[in-house]
Each structure stands twice: as structure tokens, then as C-alpha cells.
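What follows is a single structure, written as C-alpha cells, with notes after it.
Computed over heavy atoms, backbone and side chain alike; hydrogens, waters and symmetry mates excluded. The first residue in the sequence is number 1, and the count goes up from there.
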Amino acid sequence: QVLLVESGGGLVQAGGSLRLSCAASGSIFSIRNMAWYRQAPGKQRELVADITSGGSTNYADSVKVRFTISRDNAKNRVYLQMNSLKPEDTAVYYCKADVVTLTSSRSDYWGQGTQVTVSS
């Protein structure tokens, strides 16, 4: 009974910016870590950035400095500000949340993904 929905993806030229958002809803007691992953066709899904409930962040080397992850705990949302986008950033971006619910102490939930396409 937890739903994550991503939004904000689209087509952008190299050097441009996009801001992704992910909203979690349902029977949520609290959310621990939240993260953004991405997966390009034919490639493994990879961690892009994550953020703890306290706001501590971690980034993949490939996106460090260019991307910023943030969260709004009151709204159960996580964001990914993507600047200086490169064609290699093209992928489906997925939101993941480690959620504490009434029936589970901890459980990972995934969004359905949002497409980001960066043209050269």
C-alpha cells in the first residue's frame, strides 16, 4: 500500500537541466533512505544518488557536482536536480524509498520510472 510516482522527465539538450520529483503515498509511518537510480537500455540499473532521513547525501562519481538530491520529509518527496546534462545521462530514472509501514519494519519500494533523454 505504498506508491511512488516519479515526474519531471523529458527531452533536453546537452547542457540543459531537469528536475525530477518522486512522491510517496500510502500507509507510511516513516521513510528512511530515498534514492534515485537509472537504467539505460541494455545496461544494469545503477545508483545515481541517495539521501538519508537526516539529509546526508551520496552521489555516483559520474553525476557528482552536476546533480543534487534533496528531500521534503513533510511531503514524503525526494527530488533530483540535474544540471549540465550529458547524453550519457539518458536513461529511465527510478525512485526508491526504504519505507517503514504498519506491517513492515523496513521495505524497499520502487517507482515506475521516468524517461530522461539528453540529445547532443
Side-chain angles (χ1 to χ4, degrees):
Q1 291 295 313
V2 176
L3 178 66
L4 273 61
V5 179
E6 302 99 335
S7 62
L11 175 65
V12 65
Q13 291 185 345
S17 299
L18 285 173
R19 191 189 192 208
L20 306 183
S21 65
C22 172
S25 61
S27 301
I28 299 171
F29 179 77
S30 66
I31 302 178
R32 296 190 178 189
N33 285 12
M34 302 186 81
W36 287 97
Y37 288 73
R38 67 186 182 188
Q39 186 169 23
K43 298 182 179 179
Q44 295 289 325
R45 187 172 299 186
E46 64 176 348
L47 176 67
V48 177
D50 58 36
I51 184 167
T52 69
S53 60
S56 180
T57 59
N58 181 61
Y59 298 92
D61 287 341
S62 60
V63 306
K64 194 173 298 182
V65 177
R66 298 188 298 119
F67 290 10
T68 302
I69 188 171
S70 61
R71 64 189 289 168
D72 184 336
N73 291 333
K75 296 184 179 296
N76 290 330
R77 283 182 175 268
V78 63
Y79 306 92
L80 185 67
Q81 178 66 48
M82 305 185 294
N83 299 324
S84 302
L85 283 162
K86 304 175 180 179
E88 50 263 45
D89 295 319
T90 295
V92 177
Y93 283 71
Y94 297 91
C95 174
K96 188 183 81 171
D98 180 7
V99 180
V100 179
T101 69
L102 193 63
T103 59
S104 178
S105 59
R106 293 183 65 180
S107 184
D108 287 340
Y109 291 85
W110 291 85
Q112 294 184 341
T114 184
Q115 177 70 47
V116 172
T117 302
V118 184
S119 62
S120 59

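For the pair Arg71 (side chain) and Asn33 (backbone), a donor-acceptor distance under 3.5 Å is absent. A donor-acceptor pair is defined here as one N or O able to donate and one able to accept, closer than 3.5 Å; no such pair exists between the side chain of Glu6 and the backbone of Thr114.
Note that the CZ atom of Arg77 and the OG atom of Ser21 stand 5.0 Å from one another [nearest 0.5 Å]. For the atom pair CD1 (Ile28) and CG (Asn76), the distance works out to 4.5 Å, reported to the nearest 0.5 Å.
Minimum interatomic distance between Cys95 and Val78 (heavy atoms only, all atoms of both residues): SG-CG1, 3.6 Å. Heavy-atom minimum distance, Ala40 versus Ala91: N-CB, 3.8 Å. For the pair Leu85 and Arg66, the tightest heavy-atom approach, listed with the atom from each and the gap, is CA-NH1, 3.8 Å. Residues Ala24 and Ile31 share a closest heavy-atom pair of CB-CD1, 3.9 Å. Considering all non-hydrogen atoms of both residues, Val116 and Gly9 come closest at CG2-CA, 4.2 Å.
Applying the ring-ring contact (aromatic ring centres under 6.0 Å, His included) rule to pairs touching residues 23-76 yields Tyr37-Trp110, sequence neighbours excluded.
At most 12 non-hydrogen atoms from other residues, nucleotides or ligands lie less than 6.0 angstrom from CD of Gln112. For Glu88, the CD atom is densely surrounded, since the number of other residues' heavy atoms within 6.0 Å is greater than 12.
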Practice prompt. Take Lys86 and Asp89 through the test salt bridge (charged side-chain N to carboxylate O under 4.0 Å, His left out) and record every step on the way to the result.
Written response: CA-CA 5 Å; Lys86 304 175 180 179; Asp89 295 319; over 6 Å; no
Item to complete: Could you check Asp50 against Lys96 for salt bridge (charged side-chain N to carboxylate O under 4.0 Å, His left out), going step by step and ending with a plain yes or no?
Response: CA-CA 9 Å; Asp50 58 36; Lys96 188 183 81 171; over 6 Å; no
